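Here's the structure we're looking at; comments come further down.
Here is how names work: the chains are called A, B, and so on, in the same order as the sequence lines, proteins then strands, and each is numbered from 1. Given the structure is predicted, the values throughout are model-derived calculations rather than measurements. Both backbone and side-chain heavy atoms feed into the values below; hydrogens, waters and symmetry mates do not.
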Amino acid sequence: MTPFQQRVYEFIREIPRGRVTTYARIGNALHCRSAQAIGQALKRNPLSPEVPCHRVIRADLTFGGYFGKTSGAKVREKIALLKAEGVEFTDGKLTDPSRLWPDD
DNA sequence: CGAGCCCACAACC
DNA sequence: GGTTGTGGGCTCG
């Protein structure tokens, strides 16, 4: 476990239910300009249930990926989880961009 | 300490 | 929709 990962996970844990955030926003919060590094950390996610990594999507508002894949059952599961929280997706994108967190 | 690797991105064509 | 560029933490030497 690295300090960077701890910061990422801690931030994600702060995401309220029914809200989502993007890699860019996390990077901003961590004063890091690299979403890739975040993705790398999340993929390796050593603590899957503790960190709601399914609430993290791309700046494009597309799903991005989940557990190392950009598509597949895992991603669909991610979508299902978000939908269960009231975050629905349309045409592969976030239906309500206002659900982005933080609010700005 | 240095060089290469990896990535679930982002931007551009 | 596919390709290219960037950016940075991570792993290995």
Side-chain angles (χ1 to χ4, degrees):
Chain A
M1 178 57 83
T2 65
F4 175 77
Q5 287 175 308
Q6 290 185 13
R7 283 188 299 166
V8 176
Y9 303 142
E10 184 178 7
F11 182 83
I12 294 176
R13 259 188 286 178
E14 292 184 68
I15 303 177
R17 178 181 177 282
R19 306 298 294 275
V20 293
T21 192
T22 66
Y23 295 92
R25 286 172 111 84
I26 297 174
N28 182 51
L30 275 62
H31 303 105
C32 154
R33 303 188 305 108
S34 179
Q36 288 84 339
I38 299 169
Q40 196 177 38
L42 291 195
K43 178 191 176 185
R44 298 182 178 183
N45 197 350
L47 27 90
S48 44
E50 188 171 343
V51 179
C53 38
H54 60 274
R55 292 180 186 159
V56 184
I57 61 178
R58 289 183 44 154
D60 185 44
L61 300 187
T62 54
F63 305 124
Y66 197 50
F67 276 95
K69 297 179 300 184
T70 52
S71 62
K74 289 292 185 180
V75 179
R76 289 195 293 272
E77 183 179 335
K78 169 181 179 178
I79 297 169
L81 287 171
L82 290 172
K83 186 173 182 178
E85 297 183 353
V87 184
E88 296 185 64
F89 286 84
T90 302
D91 189 48
K93 291 189 178 182
L94 183 64
T95 305
D96 298 320
S98 58
R99 290 190 180 278
L100 276 173
W101 186 86
D103 294 314
D104 271 331

Are Y66(A) and F63(A) linked, directly or through intermediate hydrophobic residues, by side-chain heavy-atom contacts shorter than 4.5 Å (ILVMFWY only)?
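Yes, one cluster joins them.
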Who are the side chain to side chain donor-acceptor pair (under 3.5 Å) partners of T95(A), not counting sequence neighbours?
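Here the qualifying residues are T90(A).
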Hey, which of T22(A), I26(A), I12(A) is the one that makes side-chain contact (heavy atoms from CB on, under 4.5 Å) with I38(A)?
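That would be I26(A); it is the only one of T22(A), I26(A), I12(A) passing the side-chain contact (heavy atoms from CB on, under 4.5 Å) with I38(A).
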Can you check the I38(A) CD1 to dT6(C) P distance for me, whole Å?
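So the two atoms are 20 Å apart, to the nearest Å.
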Figure out the CZ/C1' separation between R7(A) and dG8(C), and round it to whole Å.
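Going from CZ in R7(A) over to C1' in dG8(C) covers 11 Å.
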Under a cut-off of 3.5 Å for both distances of each Watson-Crick or G-U pair, what dot-bracket string does DNA chain C give, using [ ] for crossing pairs and | for inter-strand pairs?
|||||.|||||||
Walk along nucleotides 8-13 of chain B from 5' to 3' and tag each nucleotide B, S or - by protein heavy-atom contact under 4.0 Å, base first, then sugar-phosphate.
BBB---
Got R19(A) and V87(A) here, is their nearest side-chain heavy-atom distance under 4.5 Å?
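R19(A) does not reach V87(A) side chain to side chain.
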Taking the side chain as every heavy atom from C-beta outward, state whether K93(A) and I57(A) have any pair of such atoms under 4.5 Å apart.
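Sidechains of I57(A) and K93(A): no contact.
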For dT6(C), does OP1 or OP2 lie under 4.0 Å from any side-chain N or O of R33(A)?
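Answer no for this pair, as no side-chain N or O of R33(A) is under 4.0 Å from OP1 or OP2.
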What orientation do F11(A) and W101(A) show, parallel under 30°, tilted 30 to 60°, or perpendicular over 60°?
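Taking W101(A) first and then F11(A), their aromatic rings sit tilted (interplane angle of 30° to 60°).
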Check: A41(A) main-chain N/O paired with Y9(A) side-chain donor or acceptor under 3.5 Å:
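Such a contact is found between Y9(A) side chain and A41(A) backbone.
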Over all atoms of both residues, closest heavy-atom pair of L30(A) and R7(A):
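Heavy atoms only, the tightest pair is O-NH1, 3.5 Å.
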